[in-house]
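So you know, we letter chains A, B, ... as the sequences are listed, proteins then strands, and number each from 1.
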There are 2 protein chains.
Amino acid sequence: MQTPKDLHKAGLKITLPRLKVLNLFENGDNRHLSAEEVYKQLLASGEDVSLATVYRVLTQFELSGILVRHHFEGDKSVFELNHGEHHDHIVCMQCGHIEEFFDSAIESRQKKIAAEHGFAIHDHSLYIYGDCTREKCPNRRSE
Amino acid sequence: MQTPKDLHKAGLKITLPRLKVLNLFENGDNRHLSAEEVYKQLLASGEDVSLATVYRVLTQFELSGILVRHHFEGDKSVFELNHGEHHDHIVCMQCGHIEEFFDSAIESRQKKIAAEHGFAIHDHSLYIYGDCTREKCPNRRSE
DNA sequence: TTATAAATGAGAATGTTTATCATTTACTCC
DNA sequence: GGAGTAAATGATAAACATTCTCATTTATAA
C-alpha cells in the first residue's frame, strides 16, 4: 500500500501527523477507530499530535476516499480504511466487537427498492446490532 | 390511539408537555422530528415548553416504546411514532424527504447473517440515501 | 534556498445533548 | 375533595464531540 502516493494523489502534503494517522489504521490492532481513539493511541505511543489535527486529517481522508466514515449507534463517528470493497457491519452491543459482511442479495434488493421509490441511490448504511458470543466478550450472556 | 393510557402504562404521569409532544407526532405534518424541531414547533404554536423537557420526554418515550429513535446521517437524533411495524428508511439528500419501506427478503437475510456470525440480533438500522425525483424536491436534478 | 501556500497546535467556539437543583405539578391516600 | 409525596418541569450550567480561528511552522515548487 503506497500511502505517500495516496496522499499526493489526494492533493495533500506528506506530513508527519498524516503519516502517523495512516499508520495507525494500517498497522494497528483495531480497524475501526473514532477520532478520540486515534488521538489517544497517538499520545500513548509518544506521538504528539493535536486533537484538532486528528479531526482535520480524518475528514480530509474521508473526502479523498482514503477512509470511510461510519455512524454506529451513539454520537461519534468511526473510521476505517477504504479498501475499495463495500461492506456492512454487525456490531456487538456488549463489547463493541465489529464484524464485516457483504450480501449481494441485500445489495440488489436495496437497488430495487430505491428504484421503486423513484430515488437515485447514492449510498446506504446497514448496521446490525446484537450480542456476539465470543469467549472473550466481557459481558457475555450465559447460553 | 389512547395516548394518556400509553403514558400511564409506561409509568409516566400525564402532563401537559408530554401531551403536547405526543400531539405533534400524532397530528403534525411531519412524522419524523428532531428534538430541536419539536421544540421549535411547540414554540411556534404558542406552547411554552423548555428544551430540556423536550429532550427528557423524547428519551422517556423512546424507552417506553412510544417513539423510535433514528440516527440519520448527521449528528442529531430523529424520532417517529412507534406504530408497531418495523420499517426502514430511504432519505433524500437534497430535500430531506423520507420514505419508509419494509422488505422481508432483506429482513430474513439479516437474520441469517447474524446467525452465521454467531450474533444474537437485537436490532438493526438500514438507511438508503439518494436523490428523490419528486416535483417539489427543491434541488431536483434535471433528468 | 527561498518564497508561498498549506498544515499544524492551542484554545475558543459551536451544536447537540445531559445534568443540576429549586420550584411546580400530578397522583395517592385519607 | 385536600394534603402529602414523589415525579416533572424550567432555567441554566455542564458535558461531549466536533469545528473554527489565527498565529506559527512546515512541505513543496521554482
Sorted by chain and number, sequence neighbours left out, side chain to side chain donor-acceptor pair (under 3.5 Å) with B/Glu80 holds for B/Arg31, B/His32, B/His70, B/His87, B/His89
One would report the end-axis bend of the helix from C/dT1-D/dA30 to C/dC30-D/dG1, five pairs per end and rounded to 10 degrees, as 30°
Quiz item: Is A/Phe25 close to A/Asn30 at the side-chain level, that is, under 4.5 Å between some pair of heavy atoms?
Solution: no
Identify the pairs formed between an N or O of the protein and an N or O of nucleotides 24-30 of chain C at a distance under 3.5 Å, and give each distance.
| from | atom 1 | to | atom 2 | distance (Å) |
| --- | --- | --- | --- | --- |
| C/dC27 | OP1 | B/Ile14 | N | 2.8 |

Those residues at least two apart in sequence (or on a different chain) that pass salt bridge (charged side-chain N to carboxylate O under 4.0 Å, His left out) with A/Arg69 are A/Glu62
Expected output: side-chain A/Ser64 to main-chain A/Gln60 donor-acceptor under 3.5 Å = yes
In whole angstroms, the gap separating P of C/dT8 from CG of A/Leu42 amounts to 12 Å
Looking only at heavy atoms, the pair that brings B/Tyr39 and B/Leu51 closest together is CE1-N, 3.5 Å
So the contacted stretch of DNA chain D, first to last nucleotide with an atom under 4.0 Å from a non-hydrogen atom of chain B, runs from D/dA6 to D/dT12
For residues 93-113 of chain A, the ring pair (Phe, Tyr, Trp, His ring centres under 6.0 Å) pairs (sequence neighbours left out) are none
Sorted by chain and residue number, the ring pair (Phe, Tyr, Trp, His ring centres under 6.0 Å) partners of B/His86 (sequence neighbours excluded) come out as B/His124
Going by chain and number, the hydrophobic cluster around B/Ile98 (ILVMFWY, side chain to side chain under 4.5 Å) further includes B/Phe72, B/Val78, B/Val91, B/Met93, B/Tyr127, B/Tyr129
Taken in chain and number order and not counting sequence neighbours, the residues that satisfy salt bridge (charged side-chain N to carboxylate O under 4.0 Å, His left out) with A/Asp103 are B/Arg109
Separation between CG (A/Leu22) and CD1 (A/Ile14), nearest 0.5 Å, reads 10.5 Å
- Task: Select base, sugar-phosphate, or nothing to describe what A/Arg56 touches, counting heavy atoms under 4.0 Å on all strands.
- Result: base
When rounded to the nearest 0.5 Å, the distance separating SG of B/Cys92 from CZ of B/Arg134 is 7.0 Å
Applying salt bridge (charged side-chain N to carboxylate O under 4.0 Å, His left out) to A/Glu99 and not counting sequence neighbours gives none
A/Lys112 meets the salt bridge (charged side-chain N to carboxylate O under 4.0 Å, His left out) criterion, sequence neighbours left out, with A/Glu116
With sugar-phosphate taken as primed atoms, P, OP1 and OP2 and all else as base, the protein-contact string of nucleotides 12-18 of chain C at under 4.0 Å (heavy atoms; B, S, -) is ----SBB
From CG of A/Leu43 across to C1' of C/dA10 the rounded distance in Å is 14 Å
